[in-house]
Amino acid sequence: MDLFGSSKQALSTFSPRDHSSLMYPVTDFLLNLVFVRGFSGFSHLVLLIGLLISWACKKFRLIPENGPNERFKKTKSLYYKPTLICCLGVSAFNIVLFILNCFYWYRKDWSEERVVTLLDLALRTLSWGALSVYLHNQFSKSKFPILLRVWWGFYFFMSCYYLVIDIVRYMKQDTLPIQSSVSDSVSLITSLFFIYVGFFGKQQSENTILGEPLLNGNVTSEDAESSKSKGDANVTPFSNAGILSILTFSWMGPLIAVGNKKTLDLEDVPQLDTGDSVFGTFPTFRSKLESDCDTNSKVTALKLVKALIFTAWKEIAWTALFALLYSVASYVGPYLIDYFVQYLNGQQEFRNEGFILVSAFFVAKVVECLAQRQWSFRVQKFGVRVRAVLVAAIYNKGLTLSCQSTQGHASGEIINFMTIDAERIGHFSWYMHDPWLVLVQVALALLILYRSLGLAAISALVATILIMLANLPLGKLQEDFQDKLMDSKDRRMKATSEILRNMRILKFQGWEIKFLSKIVELRKNETGWLKKFVYTKAIASFVLWGAPTFVSVATFGTCMLLGIPLESGKVLSALATFRILQEPIYNLPDTISMIAQTKVSLERISSFLRLDDLQPDAVQKLPRHSSDIAIQIVDGNFSWDFSSPNPTLKDINFEVFHGMSVAICGTVGSGKSSLLSCILGEVPKVSGTLKLCGTKAYVAQSPWIQSGTIEYNILFGKEMEIGRYERVLEACALKKDLEILPFGDQTVIGERGINLSGGQRQRIQIARALYQDADIYLFDDPFSAVDAHTGSHIFKECLLDLLSSKTVVYVTHQVEFLPAADLILVMKDGRITQAGKFNDILSSGTDFMELVGAHRKAMSTLGSVEAQPNEKIKSSEEEGNLASRNGNKDVQDGKTDDLFGTKGQLVQEEEREKGKVGFSVYWRYITTAYGGAFVPFILLSQILFQVLQIGSNYWMAWAAPVSDDVKPSVSGTMLIIVYIALAIGSSFCVLARSVLLSTAGYKTATILFNKMHSCIFRAPMAFFDATPSGRILNRASTDQSAVDLDIPYKVGAVAFYIIQLLAIIALMSQVAWQIFIICIPVIAASIWYQKYYIPSARELSRLAGVCKAPVIQHFAETISGSTTIRSFDQESRFQDTNMKLMDAYSRPKFNIAGAIEWLCFRLDMLSSITFAFSLVFFISVPKGVIDPGVAGLAVTYGLSLNMLQVWIIWNFCTMENKIISVERLFQYTSIASTFCYCCLFDTKTIINTDVWAIIGPVCPDMPLVLRGLTCIFPGGMKTGIVGRTGSGKTTLIQTLFRIVEPAGGQIMIDGINISSIGLHDLRSRLSIIPQDPTMFEGTVRSNLDPLEEYTDEQIWEALDKCQLGDEVRRKEGSLDSTVTENGENWSMGQRQLVCLGRVLLKKSKVLVLDEATASVDTATDNLIQETLGRQFYDCTVITIAHRITSVLNSDIIVLLSHGLIEEYDSPSKLLENKSSSFSQLVAEYTMRSSSSSAN
């Protein structure tokens, strides 16, 4: 068979007899192919010369720049890119024709026509290639040049002329070379396009960097800077793309071009279209879900699915259409293979049958490519929408949860809903059409099999059904294991979130390794289910990879039994069908697994959305100014726990009028904070009425600060009003603090305000409330965290001045602030026992009298401090004062300025690697488990599988006869036996590969988890101060999940598909080695495309990882501050912020999907061209040169060549994107930890002698807080540390525990430098009650004794000493009674008492009290001080307190000011000097307190 015709005369030229048949000599000349091709070649030569002259003139500046047109420098035609691609296509098409002609004619005579034709094709190739280069590098106008448009017009007329000649010759029944017809038809089509764009094309201004051409656009760095595209200002080009751009994904070209020139940043990534943005899709989803869930029904998984489908039903319909089209197109090849084999065997049914078959194969491949690419992109686009709306729904629900619901679902668990479950449901879009597509594909396969093999197709159907039924138990197991896996992951993430939130406490106590072991134990439980899941997946993989072989064995065996002849064409058609059917069957385990996982995730999210919200009718909100009463509660009963028989608040009745000031007081646990919470609507109402008139602002007892600047926290969504802002700063005494901070109010606050003192955090949240200008203000003990002076200032400037006309309700333990109130409510056991003005209730009951009496008792100690030195400190007093003065002088002289420079912000942008993922990352990953010993065995298993599989098919193609009249080479029994043996061998290779891969992946994930968490828990506290917990949680959840379940299979898939591709190329080259020649440039082009694509895809993937952490961080902050957010009615603003963050995360995810399809489309086209070339070669070789059966086998495998090449590149790119998760885990396995954790000395003698000292300058990594401290504290004495808020008191304590390492100097205890001993040994021998009392989820016992070192008797003794024994005994379960997350079911004061119980158990020689009694009433404070005096009489006690009475019984007073020791002496000596700062503090406190006593 000839290459370009249907007979041996197909490529012959006109004979003399043909010429004589023409009527006129001129007509003969014009129809002569030599003239036609010669004229074409000459025309293209003229074009080529013109382009070379233009280039030379521009190169040597012979043509001056056109000044007036400079403004068009960056303006190009709308059709510039399609024109460039079309020119490249014409050039490529001509070179393909040139190669084919050379290949076919090299053994034949070289006639004049053939030489001229080849010359014409060569000149066409060069001229159109030169034109492409000109358009790409030199053209930069709004319209195409006139000469270029003239050429296109001339080319159009030439093309018409050529086609007319072809028609005339065909009508004359002359022999028409097929390549001439194809070439002329392509020329006419392309010339029509050039005419349209040249004369009718529109203009388009492209002034941004995103307007660069698709390939290698020349843009200088200056141009890039000047025209930098801002993602915030541009919507994705997809929203306005034309049909051609959508089909070819050319709209992604500009972004990929940018990524190929520079490292992509988020500002380079365009915004989402409204239809894909969560702002556009969430309202539709919410309205549908709400309409389905009326008042009588709850959210279910089914209703959730219906709402998701309704949100994007058009995308689902389009993807279904494309999926169906892809499925039908993919079965065209198997259907035609039998015809193709018979054609190669010489059975030609009609003229040009071979080329028609090739055309059908090629068109089917192109349709398959287009359909699959659109299907793949649109399901990912749908997944982006689904994930975004689910995260928005979860976030919004988190803002409205009731207290009971919150206690049942910790923040870590809710974060899992967002990071794992929503992500998985979005990923399910890949699989949503698979269940019905399997049925369609099986039906198509059966039709083809029935046509080829008749009734044997029934056995194929039965075998397929059996395989699918075999998957049911495996699928059920995977669903169960997935459910258990997610539950265990929830528990781990819940614990991790709590630990990260309280890491400072763990560091203080030396408990981090104990809590690390808790996380490891939770992970062990998780990995138990993970191991079962991955091994079940391996077994399912074995069953289903062997499924096509099982089906083929059953089918061919049936043929033998029924006597159906197995001809090679029919066998190959069946094998091709099985190979196509192999894809959905291969994907079946993943589909079943994904359905199981998605079902679990849907149930989890729907159960979360079903949780109870806050009671909407708990508070009756009245319109502003509609009533004189601001707050009214009548017969109110409120309970945090509805199941409890005793309400938290009972019989509450009071009224507050507008402008009133109300104070609430009472002992610890009496219900003060609960009363404020019930006014906010946070406590469920059992009965009664609560009315509220006006807007409200709330200041929580435990400060809630957002990550961001101080200004951002104070404004809290309001517009900046300079005057009001300055007044608020002044009233909250923040101006001096802002002067000290390096960036003033633009200083970025770390997570939970970590780089601020407790008093500064409290004042910032007070400033936030004041700036809101609300009607009603609720303050929950706002003065406990600030010193006496600052407390007085805030009370006077805020409550009595700025808020004098407002309604103010404040809780306080400081009796001195009570007389100013218009109404005082005294709480006890959840009831209001007394109400009235200060003097009225003072004599009307005992409860209030007890509080005032305790306060007066504490104040009486001020008078008992005698003005004489303490004998215990005489020996060190002078040395201490001298050291203090010398230390201060050094700093005042500026000597520390040389040591420390200006520092940056505490919280920096999250680090991300840039550039290519290094080979070292892959190497470290694959060698993590067993040193990579499994890798060669995994590869060997795949190679053997591939050899055996191809061998079995080769055997069938070779041994089966081509037709009925050919005698079989072997008997039918031998044919089937050998095939079955090879098939069984290949199946067991799959089993070995799957088990080994699952084992290696599981082991690697476990090792990486342990390494990362070990490094995190041993990291210095500075790491946690500067790293928002969202970043760590993102790695512990999303990245770890990818390492657990995705990355091993992605890495394996790349290796497996490469082996498969090499095997197919080897097979096709074995049939005809010439095919290998065309594979080389195609593979080279594919690699070039992949390298061109990877930089953008890699950075987009990294951006997605970086953009996800803020979503988690914002959500974690929102959950912890939900009460504050609701109190300010700021829910909508926070919801908008969450949606903006989600869109920022979705932008790179959307473009990742577009970028991979951009690449896959181009690779598909290259593979299709390779396949078409192979087919053309097969039909062109003479009969008998190659075996038709073996050639058919090559075609059978070639049908999957395009998919295989795409899968290799796709999996490789996906692997590189996914491996970033490993890269991110590696970042946290190398956290710098310069401190030895284990002890290097015999620690039994450490910290038990009399003297310990602090020497030298102490400084954290951020700006100096303590500067040049030098002092000595005698051992066994009581030291009180006082000072204004922010003076460095808490930082001083942190240096003792080495939470902050000294930047210079040293800290000595018992003559040993504490920097030279193990951290655990140091911290385990010190005790502290921290400023922020912390309780962990668990039991009372686990909170007091997490290390399990003490007996129950010792624990009860400690509880009784800290005044909590009776309270614990009343609780159900006593020591085993439940403590919720953060100890939310305990009051702040009770939590501080629990912290006291810990130190009473520990009985260390050194005890530090950091505002240990700030949240308790004065009476309880007195009891605590007495207890401490008895239990630690022979110990060194360091007390930080704003209550002056708490430090007056100290042996030494250290007064800090701005990080310096201002005063250091005994209380009596300092009080002797009336001008000392300490005397002034005491005087101020006394004056404030005496004013209350006077009242």
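These values consider heavy atoms only, across backbone and side chains, with no hydrogens, waters or symmetry-generated copies.
Nearest heavy atoms, Pro1095 versus Asn260: CG-OD1, 3.8 Å. Closest heavy-atom contact between Ser429 and Val379: OG-O, 2.7 Å. Of all heavy-atom pairs between Ala1104 and Ile1152, the closest is CB-CD1, 4.3 Å. The nearest pair of heavy atoms linking Leu1166 to Ala1085 is CD1-CB, 3.8 Å. Contact between Met1165 and Cys369 at its shortest, heavy atoms only, is CE-SG, 3.4 Å. Residues Val278 and Ala388 come closest through the heavy atom pair CG2-O, 3.7 Å.
Phe249 places none of its side-chain heavy atoms less than 4.5 Å from the side chain of Leu1159. Proximity of Leu437 to Trp375: side-chain heavy atoms (C-beta onward) are separated by under 4.5 Å at one or more points. A 4.5 Å side-chain heavy-atom check between Met252 and Asn1151 finds at least one atom pair inside the cut-off. Side-chain contact check for Glu1099 versus Asp268: every heavy-atom pair is 4.5 Å or farther apart. Looking only at side-chain heavy atoms (C-beta outward), Leu308 and Ile425 come within less than 4.5 Å of each other. The shortest side-chain heavy-atom distance between Tyr1057 and Gln1060 falls under the 4.5 Å cut-off. Between Asp276 and Ser1146, the closest side-chain pair of non-hydrogen atoms is not below 4.5 Å. For the pair Val258/Ser1096, no side-chain contact is recorded, criterion being any heavy-atom separation below 4.5 Å from C-beta on.
With hydrogens and angles disregarded, no donor-acceptor distance shorter than 3.5 Å links the side chain of Arg373 to the backbone of Cys1160. Judged by distance alone, the side chain of Arg1147 and the main-chain N or O of Val269 form a donor-acceptor pair under 3.5 Å. Proximity of a side-chain donor or acceptor of Ser245 to a complementary backbone N or O of Trp251 within less than 3.5 Å is detected. Looking at Asp273, its side chain never comes within 3.5 Å of a backbone N or O of Val235 through a donor-acceptor pair. The main-chain N or O of Ile246 is found under 3.5 Å from a side-chain atom of Gln374 such that the two form a donor-acceptor pair. The backbone N or O of Leu88 sits less than 3.5 Å from a side-chain atom of Ser132, completing a donor-acceptor pair. Checked by atom type and distance alone, the side chain of Arg385 pairs as donor or acceptor with a backbone atom of Gly275 at under 3.5 Å.
Between Trp1158 and Tyr1089, the distance from one ring center to the other falls under 6.0 angstrom.
Atom OG1 of Thr190 is separated from atom CZ of Phe156 by 11.0 Å, given to the nearest 0.5 angstrom. The line from CG of Leu126 to CG of Leu47 is 11.0 Å long, rounded to the nearest 0.5 Å. Atom CG of residue Leu390 and atom OG1 of residue Thr311 lie 9.0 Å apart, to the nearest 0.5 angstrom. How far NE2 of His44 is from OG of Ser127: 4.5 Å, rounded to the nearest 0.5 Å. We find the CG-CD1 distance between Leu1163 and Ile1208 to be 10.0 Å, quoted to the nearest 0.5 Å.
The only member of Phe238, Phe382, Trp318 that meets ring pair (Phe, Tyr, Trp, His ring centres under 6.0 Å) when paired with Phe377 is Phe238. Of the listed residues (His427, Glu1157, Lys1149), just one forms a side-chain hydrogen bond (donor to acceptor under 3.5 Å, both in side chains) with Gln380, and that residue is Glu1157.
Between Phe282 and Phe285, the two ring planes are tilted [angle within 30° to 60°]. A parallel orientation is assigned to the rings of Tyr155 and Trp151, their planes being inclined by less than 30° (bins at 30° and 60°).
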*Run the numbers on Val363 and Val366 for side chain to side chain contact (heavy atoms under 4.5 Å, CB included), then give the verdict.*
CA-CA 5 Å; Val363 170; Val366 170; 5.7 Å; no
*For Ile316 and Arg378, what are the C-alpha separation, side-chain angles and deciding distance, and is it a side chain to side chain contact (heavy atoms under 4.5 Å, CB included)?*
CA-CA 8 Å; Ile316 296 174; Arg378 290 177 184 274; over 6 Å; no
*asked:* Test side chain to side chain contact (heavy atoms under 4.5 Å, CB included) on Phe1161 and Leu370; report intermediate values, then the result.
replied: CA-CA 7 Å; Phe1161 173 78; Leu370 291 171; 3.4 Å; yes
*Can you list the steps and then say if Thr319 with Met432 is a side chain to side chain contact (heavy atoms under 4.5 Å, CB included)?*
CA-CA 10 Å; Thr319 55; Met432 65 180 175; 3.7 Å; yes
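Other residues, nucleotides and ligands place no more than 12 heavy atoms under 6.0 Å from the CH2 atom of Trp313. Under a cut-off of 6.0 angstrom, the local environment of CH2 in Trp430 is crowded, with over 12 non-hydrogen atoms contributed by other residues, nucleotides or ligands.
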Listed pairs under 3.5 Å, donor-acceptor, residues 328-337 side chains, sequence neighbours left out:
from   : atom 1 : to     : atom 2 : distance (Å)
Ser330 : OG     : Tyr326 : O      : 3.3
Ser330 : OG     : Ser327 : O      : 2.7
Tyr331 : OH     : Gln441 : O      : 3.2

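Residues passing the side chain to side chain contact (heavy atoms under 4.5 Å, CB included) test with Leu244, sequence neighbours excluded: Pro82, Thr248.
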